Enquirer: 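Mind having a look at this structure? Questions to follow.
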Amino acid sequence: MALFVIACLWVLLATIVAFLPMRLQYAPGLILLCLAPILIWLIARDFGPVPAVLGAVAFVSMFRNPLRYFARRTIARSKEPTE
């Protein structure tokens, strides 16, 4: 039950952060971005794969632009020549 409350709080915090001006979204958004995989894993452990997959889909939908940015940055770094 406590995990369900924590997950609901995460959603409410993400909604509040979305209403902030863009320059104020970075720090709390990054924290939420880092906490989400842990929370999804805990949901999978306690409630099963279906709620975890639904949570993962919602997470990717909410954070698609930051995830795309970090993916492109990671790919670009892996393509850099090493000396």
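Keep in mind the model is a prediction, meaning the values are calculated, not measured. Quick note: numbers below take in every heavy atom, side chains included, and nothing from hydrogens, waters or symmetry partners.
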Enquirer: Looking at every non-hydrogen atom in both residues, tell me the closest pair between F63 and G29 and how far apart they are.
Expert: CE2-O, 3.7 Å

Enquirer: Please report the closest heavy-atom contact between P51 and G48, naming both atoms and the distance.
Expert: CD-O, 3.5 Å

Enquirer: Please report the shortest heavy-atom distance between A14 and M62, naming the atom on each side.
Expert: CB-CE, 3.3 Å

Enquirer: Using a 3.5 Å distance criterion without hydrogens, assess whether the side chain of S61 forms a donor-acceptor pair with backbone atoms of V57.
Expert: no

Enquirer: Would you check if L30 and L33 make a side-chain contact, meaning some heavy-atom pair closer than 4.5 Å?
Expert: yes

Enquirer: Around atom CZ of R77, are there more than 12 heavy atoms of other residues, nucleotides or ligands at under 6.0 Å?
Expert: no

Enquirer: Does F4 belong to the same Ile/Leu/Val/Met/Phe/Trp/Tyr cluster as V53, with side-chain heavy atoms less than 4.5 Å apart forming each link?
Expert: no

Enquirer: Do F70 and I38 belong together in a cluster built from hydrophobic side chains that touch within less than 4.5 Å?
Expert: yes

Enquirer: What are the two closest heavy atoms between V17 and P28, and how far apart are they?
Expert: CG2-CB, 3.7 Å

Enquirer: With rounding to the nearest 0.5 Å, note down the distance linking CG in L20 to OH in Y26.
Expert: 12.5 Å

Enquirer: With sequence neighbours left out, write down each residue that passes side-chain contact (heavy atoms from CB on, under 4.5 Å) with L3, or none if nothing qualifies.
Expert: L39, L42, I43, D46, F47

Enquirer: Out of curiosity, I16 CD1 to L9 CG, how far, rounded to the nearest 0.5 Å?
Expert: 9.5 Å

Enquirer: Should L54 and I6 be counted in the same cluster of Ile, Leu, Val, Met, Phe, Trp and Tyr side chains packed under 4.5 Å apart?
Expert: no

